[in-house]
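A short worksheet on the structure shown next.
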2 protein chains.
Amino acid sequence: MAVSIKDIARAAQVSYSTVSRALNDSPLVKAETKERIRQVAAEMGYLPSAVARSLVMRRTQTIGVVVSTITDLFFAEVIHAIEETALRCRYNVILTNSGGDPQRELAAIRALCERRVDGMILVSGCSRRKDLCAEHKLDIPMVIINNVHQEHLGYSIEVDNIGGGRQATLHLLELGHRRIAHIAGPSREWDSVERQQGYEQALQAYGLEPDPMLITRGNSRPRGGIEAMERLLALPVRPTAIFCYNDATAIGAMRAAYAAGLRIPQDLSVVGFDDIDLAPYLEPPLTTVAQPKREMGARAVEMVLALLSGDQQVEDCVLPSRLVIRGSTMPPRIIV
Amino acid sequence: MAVSIKDIARAAQVSYSTVSRALNDSPLVKAETKERIRQVAAEMGYLPSAVARSLVMRRTQTIGVVVSTITDLFFAEVIHAIEETALRCRYNVILTNSGGDPQRELAAIRALCERRVDGMILVSGCSRRKDLCAEHKLDIPMVIINNVHQEHLGYSIEVDNIGGGRQATLHLLELGHRRIAHIAGPSREWDSVERQQGYEQALQAYGLEPDPMLITRGNSRPRGGIEAMERLLALPVRPTAIFCYNDATAIGAMRAAYAAGLRIPQDLSVVGFDDIDLAPYLEPPLTTVAQPKREMGARAVEMVLALLSGDQQVEDCVLPSRLVIRGSTMPPRIIV
DNA sequence: TTGAAAGCGTTACCAT
DNA sequence: ATGGTAACGCTTTCAA
């Protein structure tokens, strides 16, 4: 059984309030006593109980994170940033995954509330506002990264999806492409809607009307990218370039293109979104729209902490996205 | 402020012990009262405090996980399995990352102990046994997945690294390769040592002596794979095949090979280790030694729970690895 | 079937 | 500078 403050008090012949003070480096304790108590504590291998402390302090120094899956590199990298930043601020992170299911997400939030986390970060939260609020009896600061829904439901951190989609498409347009396809994400994801808007805006800026035949949908994972690409390849006139909802989708699309005997970028240019750490190492290195993952994670915890300290100034923030040109794009071979 | 059991007691006109019992579905409380109390609790939006409960129950229903980085897909996938399994068993997971630094790992373990996690899982724990034990005053079950050190320090889950390295190399040998290089992991990682042993055993089984020139070292990430590959490519006689410590290294190696104008697998066969989810989607799809990631994660939490329930039968387990042949390997063009 | 009270390991306030 | 004690929100005897 763990040694408690009382055990130390007994061993050091002082009251346990003194022990508590000494261990918390209170100036109210004589240096000498303090030293002795610490000695004893160390000898006895004392480790304070965060749970007892949490109970009385009413804060757990814990941030709850819910994410659909950590198995997607983009999420993993954001979470990594969250954890690092939290650690620096002496917070720990409880990680829960929802598998993208609103039911499970709600259950996860509930569990985090029961654990009395000081704040929560939802990465691509998938529930609707009213459900979330219903669950949200305790007023625990909650910030959402890349909210799946259009509706604002509190503090959120977004990336400029429209701008990103536009940049990606403009890049392709500037290279000379005209038949540019788009593989969107799941229809319910708002960021996908926005990226597609950017895509369409860019086309229109070039006087092109978005062609429904060239717009299809994946599932944000490679598998979906493959299937979408296969559909695109079956078209009477194939696209010469393609803008994908995210890097995972792009990886799938490239796989399908290779399987069909195409070369990238000679026969098909592809642009992704996210800029996962692996992007520069793919074959070919993937041109993609970078999201500032580290910053998104860091800002999320800073936002939670600001909220926690009663700061009312906190505002939603939308971070810029940035096109990173690598090897998966080039001018089309035949200008259409 | 959160509503507590006492608030409910007041509202429902019963003692708070009764409320506690009702909420825990104790048979000692009349169905009618139970129902009424629940009603009130629901109306008041009551959410039990896991921290108070943890204090009295002396268990937190929490498993602490420490990993070097979640940014590596292999780890991410193992952790995903841990989290899923834990959830099913009504446990939550506190995630901490050590960045592969023993100092930070120790600090993380200490933090987890203070939080009184019921058990801990170290994924590729990097500290030495004695340090770990020193830290381990409370006897918290601790299981290690892929222990970095040779020494056994408790319950661990390993994969058959030697067998995996052997299978990978035998596959290459059977294809007809004779100049087979190896890019190892960081020298301090025991699993790397074992995989290399497997590699050497296979060569010897074919009457080949491992050639130090063909054995180099990465850092378990793509960057290291690139650099290692560049060294290999600078050799007077290049290898025709290469077995890499892990998939991330293989990805880097392939990148360097492509950059040098080689084709894979025509000019160079490559085999990885891990079988990350992305492996089948790479170009070419990566031949690799699969680790049973889901099972490793699941077994780890089962082991923790078994230990927790006082089961003394728990034994270290080593899971089989399995070669998955995909497109990155083929017979060498010129048999040397 | 219900209530009263002790106790989990802390912090913090009030005395001394 | 130190000790005593209440309180945090819950579970669990022990009584009634």
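Just so you know, these numbers use all the heavy atoms, side chains as well, and skip hydrogens, waters and symmetry mates. Here is how names work: the chains are called A, B, and so on, in the same order as the sequence lines, proteins then strands, and each is numbered from 1.
- There is no side-chain donor-acceptor pair under 3.5 Å between A/Thr60 and A/Arg53.
- Mapping heavy-atom proximity under 4.0 Å, the span of DNA chain D touched by chain B runs 5' to 3' from D/dG9 to D/dT13.
- Using a 4.0 Å heavy-atom distance criterion, A/Arg58 is classed as a sugar-phosphate-only contact.
- Closest approach of B/Pro141 and B/Leu307 over heavy atoms only: CB-CB, 3.7 Å.
- Within the 4.0 angstrom heavy-atom criterion, base atoms lie near B/Ser20.
- Contacts of B/Ser17 with the nucleic acid, taken as non-hydrogen atoms under 4.0 Å apart, include base atoms.
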The test is salt bridge (charged side-chain N to carboxylate O under 4.0 Å, His left out); show your working for B/Arg36 and B/Glu43 and say whether it passes. CA-CA 11 Å; B/Arg36 183 165 51 91; B/Glu43 276 165 16; over 6 Å; no
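- Across the helix from C/dT1-D/dA16 to C/dT16-D/dA1, the helix axis at one end is tilted relative to the axis at the other end by 50° (nearest 10 degrees, each axis from five pairs).
- A/Val51 comes within 4.0 angstrom of nothing in the nucleic acid, heavy atoms only.
- Using a 4.0 Å heavy-atom criterion, one finds that B/Lys6 contacts no nucleic acid atom at all.
- Taking 4.0 Å as the cut-off between side-chain N and carboxylate O, B/Glu315 and B/Arg299 do not count as a salt-bridged pair.
- Listed for the A/Asn24 side chain is a donor-acceptor partner under 3.5 Å among the backbone atoms of A/Ser20.
- Both B/Gln13 and B/Val56 sit near DNA chain C, but only B/Gln13 has its closest nucleotide nearer the 5' end.
- At a threshold of 4.0 angstrom between heavy atoms, the contacts of A/Thr33 are confined to the sugar-phosphate backbone, with no base atom among them.
- For the residue pair B/Thr18/B/Ser15, the side-chain donor-acceptor check at 3.5 Å is satisfied.
- Salt-bridge check for A/Lys293 with A/Asp277: passed, with a basic side-chain N closer than 4.0 Å to an acidic carboxylate O.
- A donor-acceptor pair under 3.5 Å is absent between the side-chain atoms of A/Ser26 and the main chain of A/Ala22, judged by distance alone.
- The outermost nucleotides of DNA chain C lying under 4.0 Å from heavy atoms of chain B, listed 5' to 3', are C/dT1 to C/dG9.
- Using modelled atom types and a 3.5 Å distance limit, the side chains of A/Thr71 and B/Glu77 yield no donor-acceptor pair.
- Look at B/Asp25 and B/Arg38 and you find a salt bridge, because one of the NZ, NE, NH1 or NH2 atoms lies within 4.0 Å of a carboxylate O, short of that distance.
- Minimum heavy-atom separation, B/Val314 to B/Tyr155: O-CE2, 3.5 Å.
- When the nearest nucleotides of DNA chain C are assigned to B/Arg21 and A/Met57 by heavy-atom distance, the more 5′-ward of the two goes with B/Arg21.
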